[in-house]
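Just so we're on the same page: letters track the sequence lines, and every chain starts at 1.
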Number of protein chains: 2
Amino acid sequence: MAQKNVLQFIILGLLNEQPLTGYELTKAFDSDIGEFWSARHSQIYPLLNRMEGERLITHETEVTGEKLERKRYAVTPVGAEMLTRWLNEPTRTITPGKDEFALKLYFISDASDGRLHVMLQTQLQLHRSKLEHLEGQMKSKFSTDSQIRGHYGHYLILNHAIRRETEYCHWLEDALASAPAVADADTGTGAKRS
Amino acid sequence: MAQKNVLQFIILGLLNEQPLTGYELTKAFDSDIGEFWSARHSQIYPLLNRMEGERLITHETEVTGEKLERKRYAVTPVGAEMLTRWLNEPTRTITPGKDEFALKLYFISDASDGRLHVMLQTQLQLHRSKLEHLEGQMKSKFSTDSQIRGHYGHYLILNHAIRRETEYCHWLEDALASAPAVADADTGTGAKRS
DNA sequence: ACGGGCATGTAACACGTTACATGATTCA
DNA sequence: TGAATCATGTAACGTGTTACATGCCCGT
């Protein structure tokens, strides 16, 4: 029955560090944690209401300026207990990954297929810029030892994301090395990078 | 508006290599391609019907033994064209990954949290056995050069999966090396904060 | 004869995305 | 004053999971 509803636990986890608004929760998925889970505000707001109905969280309303209201949510003891149960419960499954690019590649059965080079190149660009961004994050968030000690899990998964993207790039580079560069398809010169 | 429906293209891709039954398609997700996409039969059978209604595929009925029927599907020219369009269209997005374990880790803010060691250890076991399985696949499917040349994309992504899992294991091992093993973890020191 | 795998389907529900909708605040 | 961002919501739809349901075939 009840599917896992991981999002609910992520929200509990985030609110457990400090009370946040729905808007702030939404933004959290734009940075590091978005590497491992994502959600839009249209999923978050209804879930917050439901969770409040289940007494996992509460909110208090703040007012900015003259009229603009925002709801700052915090976990209740019930919610905190639920979060702890999730954290303590062993994770016996590997969340199945999805990767549209890998699937496309699967269907290119011929090593000399002209599309291969472009596909790999395009994807490499994407992952390189992602890697760059992650390294920026690491630099800005974990330059000192105390920053690492204070948010160790965060440090670990950012490290994880960086290593994952690094490996992804290496794989693409290796694949590119064995993929014929255009040769008979276009200009015949070495493919240049913009 | 029509979400991406990647599954549809995967089915087209698989059927384009050779006609298959719904059951065989379902099984395909248990092996290598399951590393990058997964689907159950309850999703596949209705989709096959829909795709047939859209003239992307057709089927002919076979009979095994006395009564057991199965529908063997094949792509139509329309379906083949659609597959080609998908393959040729550049993949500008990185399919967002999900990883429940990584998220849990994120919320362990204290490096000396006693739970860390067990969590990492458990996950390491999982990924090691997965890696083992993938290496078995590689050995059995791509022992010769001609096998690689004949299914190059398949080879590439299997390689990708192996490297991904290898890296995942390395990361866990490194994290474990810096995670205190039970003994001095939870004793009179700072305890854990909730 | 029976157990495991072959084979196909449907129903109910949960999760997730896109689009629609509205209004306030801040800064240039 | 206009654009970007803050802030919260709903509606419609598409995707994916779990459970229910049925029956045949093959090997032991």
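- Of the candidate nucleotides dG9(D), dT8(C), dT15(D), dT15(D) has the atom nearest to the side chain of Gln43(B).
- With hydrogens and angles left out, the side chain of Ser42(B) and the base of dT18(D) share a donor-acceptor pair within 3.5 Å.
- A straight line from CD of Gln3(A) to P of dT15(D) spans 16 Å, rounded to a whole angstrom.
- Taking atom CZ of residue Arg50(A) and atom C1' of nucleotide dC13(C), one finds them 12 Å apart after rounding to whole Å.
- Distance Asp30(A) CG to dC6(D) P: 10 Å, rounded to the nearest Å.
- With dG9(C), dC6(C), dT10(C) as the choices, the nucleotide that has an atom nearest any side-chain atom of Lys71(B) turns out to be dG9(C).
- Salt bridge annotation for Glu100(B)-Lys4(A): present, with a cationic side-chain nitrogen under 4.0 angstrom from a carboxylate oxygen.
- In terms of position along DNA chain C, the nucleotide closest to Asn49(B) lies nearer the 5' end than the nucleotide closest to the other residue of the pair Asn49(B) and Leu7(A).
- Distance alone, capped at 3.5 Å, places no donor-acceptor pair between the Ser143(B) side chain and the Ser140(B) backbone.
- In this structure, Leu20(B) atom CG and dT8(C) atom C1' are separated by 16 Å, rounded to whole Å.
- One can place CZ of Arg40(A) at 17 Å from C1' of dA7(D), the figure rounded to the nearest angstrom.
- Put simply, Ile94(A) and Ile10(A) are part of two different groups of oily side chains (I, L, V, M, F, W, Y) that touch within less than 4.5 Å, one to the next.
- In this structure, the side chains of Glu52(A) and Tyr73(A) come closer than 4.5 Å at one or more pairs of heavy atoms.
- Considering only the side chain of Leu68(A), dT25(C) comes nearest among dT18(C), dT25(C), dC15(C).
- For Glu81(A) and Thr84(A), the side-chain atoms include no donor-acceptor pair closer than 3.5 Å.
- Axis angle between the ends of the helix from dA1(C)-dT28(D) to dA28(C)-dT1(D), five pairs each and rounded to 10 degrees, works out to 30°.
- For the pair Tyr23(B) OH and dC24(D) P, the computed distance is 17 Å after rounding to whole Å.
- Among the nucleotides dG9(D), dA14(C), dT8(C), the one closest to any side-chain atom of Thr21(B) is dT8(C).
- One interatomic measurement links the two molecules: NE2 of His41(A) to C1' of dT22(C), which rounds to 11 Å at whole-angstrom precision.
- Close to dT8(C), at under 4.0 Å from its OP1 or OP2, lies a side-chain N or O of Tyr45(B).
- Checked options Asn5(B), Leu12(B), Val6(B); the residue passing with Trp86(B) is Val6(B) (criterion: side chain to side chain contact (heavy atoms under 4.5 Å, CB included)).
- Atom NE2 of His127(A) has more than 12 heavy atoms from other residues, nucleotides or ligands within 6.0 Å.
- At least one side-chain nitrogen or oxygen of Lys98(A) sits closer than 4.0 Å to the OP1 or OP2 atom of dG16(D).
- We find that CG of Leu48(B) is positioned 13 Å from C1' of dA7(C), with the value rounded to whole Å.
- Of all nucleotides listed (dG9(D), dC6(C), dC15(C)), dG9(D) comes nearest to the side chain of Tyr73(A).
- In this structure, the nucleotide among dT8(C), dA7(D), dG16(C) sitting nearest to the side chain of Arg70(A) is dA7(D).
- Of the possible donor and acceptor atoms, none in the side chain of Lys71(B) sits under 3.5 Å from a partner among the backbone N and O of Thr58(B).
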